[in-house]
There are 4 protein chains.
Amino acid sequence: MAEQKQGRTLGRPKSKGKTLPTRDVILQAATRLFFENGFQKVSVDDIASEAGMTKATVYYYFDTKAELFKETIVSLMGRIRERIIQILSIDKPLYERLFDVTIAHLQATTSFDLDGFMRESRSSLSDEQIQAMKIAEEKMYSSIEDAFIAAGKAKEIPSINAKFAAHSYIALVKVGNYKQSDGTRFFATAEETATNILNVFWKGFFGK
Amino acid sequence: MAEQKQGRTLGRPKSKGKTLPTRDVILQAATRLFFENGFQKVSVDDIASEAGMTKATVYYYFDTKAELFKETIVSLMGRIRERIIQILSIDKPLYERLFDVTIAHLQATTSFDLDGFMRESRSSLSDEQIQAMKIAEEKMYSSIEDAFIAAGKAKEIPSINAKFAAHSYIALVKVGNYKQSDGTRFFATAEETATNILNVFWKGFFGK
Amino acid sequence: MAEQKQGRTLGRPKSKGKTLPTRDVILQAATRLFFENGFQKVSVDDIASEAGMTKATVYYYFDTKAELFKETIVSLMGRIRERIIQILSIDKPLYERLFDVTIAHLQATTSFDLDGFMRESRSSLSDEQIQAMKIAEEKMYSSIEDAFIAAGKAKEIPSINAKFAAHSYIALVKVGNYKQSDGTRFFATAEETATNILNVFWKGFFGK
Amino acid sequence: MAEQKQGRTLGRPKSKGKTLPTRDVILQAATRLFFENGFQKVSVDDIASEAGMTKATVYYYFDTKAELFKETIVSLMGRIRERIIQILSIDKPLYERLFDVTIAHLQATTSFDLDGFMRESRSSLSDEQIQAMKIAEEKMYSSIEDAFIAAGKAKEIPSINAKFAAHSYIALVKVGNYKQSDGTRFFATAEETATNILNVFWKGFFGK
DNA sequence: CATGAATGAGAGTTCATTCAT
DNA sequence: GATGAATGAACTCTCATTCAT
């Protein structure tokens, strides 16, 4: 209940050593819990506890649980999108850039998968909230699509259905993250996994 | 998804041939609701209403909501597995058999994806229940793996990592079922979708 | 569910080696469970299980749970009363007969105490049922009163308030059965306990 | 039983002096209902109604029904103990002090008897809760034991088994509270009852 | 800003009882 | 005699949300 120490905001606001705004503390806690347990199972009390404050404080910052969930998703999708864009904007062959993205996401703990979240939260969210989440998801996908389109224009790869390719790519990455019932993955290391996934993807889309 | 094949009353009819046993009526209703709304959001009352009986009757047949959920999943996975096996056992080239499976599942309403369900139900299920669901899932996947292994042995295809291939195949089929925010899919018809998916999969795994 | 073997009733019906009538099997099971857990906590299903049959069978023999409970109590009180009468009818000094009764009940597992049962079951029983239980209890007490009255008439003891004495006697015997929080009783053996209890009772009522 | 002594606002009033804290209101209502109907029969809804609030408010103050029950018992035992101590600490002969205690408890509505409550609630309480109740009960008894021990040391009475005596004393007081099936008690007035009870107890333990 | 208190509306689960077979 | 199936009513407990402070 005293996990954050209130410090005076002296100089650079973006710096590291100081306290996060309460709103962000809540978002962080919510992200952690929602992604572990889903929307319905996590109570606002759980989030408040995890964030080191009371339920009423959470409601001071977010109107409803659904709104908080939407913000969580949109914010997470935004962060993933930014990371992808950052990696893809480096000046390297597409294959290598995709490899880097793959590695990055094999190591991330949170999956891309919105579908499960959508299903279980749908009936508790407003249409606006659902729409906002879907748009955030599509923008995330489009960060990959754009790379395919650009590479196609630059004749680096043949012209393909970029949307379909982007979704297929993400789907294959998720396969790489799949844990079998004995807890192991299909390949031993992230590098090996990425190599296999990208091999399939590349041949599948760009092979003749 | 043709949940029950009524009418084939060859042997002694179990009950008086009139209706489905209550237990199956419950399972049907539960399957429908769970797959639309997830585990947490669906109440046992909802299931009872959908099945046209009272909550207490549901509890007469299933000890807990979690147990009913597990049975639902296991039974569904079993039905999917059986259908896959049935299609794959026809005497045709592997490509054509896979094409048929793909078409069949593009037309099915229920997705294969257990992950979302797992996350949101995990903390409400016993270890045994989780294990039973995972095993049912793996047996479903193995119905495809086995076809790859058999075709590999018969030199119809090169030898591959069958588990990884099966999961990749299912992942790509799910991409085919993805609905964009405007409600449309990536391709106009099931045949076109199946052709594109299989094209990617086949080149990805068996292309040189 | 097959704990009792249906035997043909050949000769003496009261003999030992044969099966109890179903009604008595139920009463036995009910007695055991009610006295361990009270009226409310024991379900008719529990009793049926303990008796090796189904709930519906219990209802075949007893109209309601309350009726079964009443029968249980009345029957138990009757058995206790009979045992007391039997011991008290032996031709010995009153002190010695009381000593024997005391010993007998220190070794019995079931307490005499109806009060607790009354409180928790009262609102679930009909007036007739409550009355029947109270009368059974009073008849049990009167088996002791009668001995005091007879001994008074025979000048073996002074004349006393027999009802008050009988209740006081039973109350003291219950003290002898009291288990402290470490599980021990006040005295080491039943004989020692009985001696102390009777000493207090005898001096208290017949001392000058 | 004079559950609360309102008005004696000598120090700083805890709240705004207006009403009892909600927690105490709940405890009062619970005490009343539990002692009339037992643990199982009283629902949390009943308690909430009696206390003039909603069920959820009760759960805001007490984690479970079992916890509330335990608190009820512990608190009641504490109040009884305090009253006994208060009466026994007056400078009078032991007989007279015991007489006052007897009169006080013959007029109280609630019995001392924990046994019945224990049996019917046992399986719903945690070990800690059961232990807490037993300890509260023993401390209540010890308030009487201590008086016997002190009087023994002061040579006012012979040295006796104080624990056994305390339990016997309480058992006899309960006899004084016993209502026969026609609703009457053994003696007409509280004074007459107390005289008879104490006469038996005193001769029983201190008579030669 | 932040919180303690309060609640309405459910959720999962149990159970005494009935009834057709 | 005995039982499997079904149910209405109740029960314990949870939770998103509000509000006064």
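These numbers come from the heavy atoms of this one structure, side chains and all, not from hydrogens, waters or symmetry mates.
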Rounded to whole angstrom units, what separation is found between the [atom1] atom of [X] and the [atom2] atom of [N]?
X: B:Asp63; N: E:dC15; atom1: CG; atom2: P; value: 13 Å
X: D:Phe69; N: F:dC11; atom1: CZ; atom2: C1'; value: 17 Å
X: A:Ile47; N: F:dC15; atom1: CD1; atom2: P; value: 12 Å
X: C:Tyr59; N: E:dC15; atom1: OH; atom2: P; value: 12 Å
X: B:Leu33; N: E:dA11; atom1: CG; atom2: P; value: 12 Å
X: C:Asp45; N: F:dA5; atom1: CG; atom2: P; value: 13 Å
X: C:Lys41; N: F:dC11; atom1: NZ; atom2: P; value: 14 Å
X: D:Asn37; N: F:dC11; atom1: CG; atom2: C1'; value: 15 Å

Quick one: are the ring centres of D:Phe62 and D:Phe69 less than 6.0 Å apart? no
Sugar-phosphate, base or nothing in reach of D:Val42, heavy atoms under 4.0 Å: sugar-phosphate
Going by an N to O cut-off under 4.0 Å, is there a salt bridge joining D:Glu67 and D:Lys70?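 Yes, D:Glu67 and D:Lys70 are salt-bridged.
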Is the phosphate of [N] approached by [X] (side-chain N or O, under 4.0 Å from OP1 or OP2)?
X: B:Tyr60; N: F:dA5; value: yes
X: B:Thr57; N: F:dA6; value: no
X: A:Thr22; N: E:dA2; value: yes
X: D:Tyr61; N: E:dA6; value: yes

If you draw the axis of the six-membered ring of B:Phe34, does the NZ or CZ of A:Arg119 fall within 45° of it and under 6.0 Å from the ring centre?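 Not flagged: A:Arg119 not positioned over aromatic ring of B:Phe34.
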On the ring face of A:Phe39, is B:Lys41 found with NZ or CZ under 6.0 Å from the centre and within 45° of the axis?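 Geometry flag: not set, cation outside 6.0 Å or 45°.
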Counting side-chain heavy atoms from CB outward, which of E:dG12, F:dC11, F:dA16 is closest to A:Val44?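 For the A:Val44 side chain, the nearest candidate turns out to be F:dA16.
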Of the candidates E:dG4, E:dT13, E:dG8, the side chain of A:Thr54 sits closest to E:dG4
Watson-Crick/G-U partner (both atom distances under 3.5 Å) of E:dT13: F:dA10
Pairing nucleotide - E:dA2, Watson-Crick or G-U, each distance under 3.5 Å: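 Matched E:dA2 with F:dT21 under the 3.5 Å cut-off.
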Quick one, A:Met77 and A:Leu114 - any side-chain contact, counting heavy atoms below 4.5 Å? yes
Assign each of B:Gln40 and D:Ala56 to its nearest nucleotide of DNA chain E by heavy atoms, then name whichever residue's nucleotide is nearer the 5' end.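 Nearest nucleotide further toward 5': that of D:Ala56.
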Assign each of D:Asp46 and A:Ser43 to its nearest nucleotide of DNA chain F by heavy atoms, then name whichever residue's nucleotide is nearer the 5' end.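 Closer to the 5' end of DNA chain F: D:Asp46.
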Could you check whether the side chain of C:Lys55 and the base of F:dT3 have a donor-acceptor pair of N or O atoms closer than 3.5 Å, going by distance alone? no
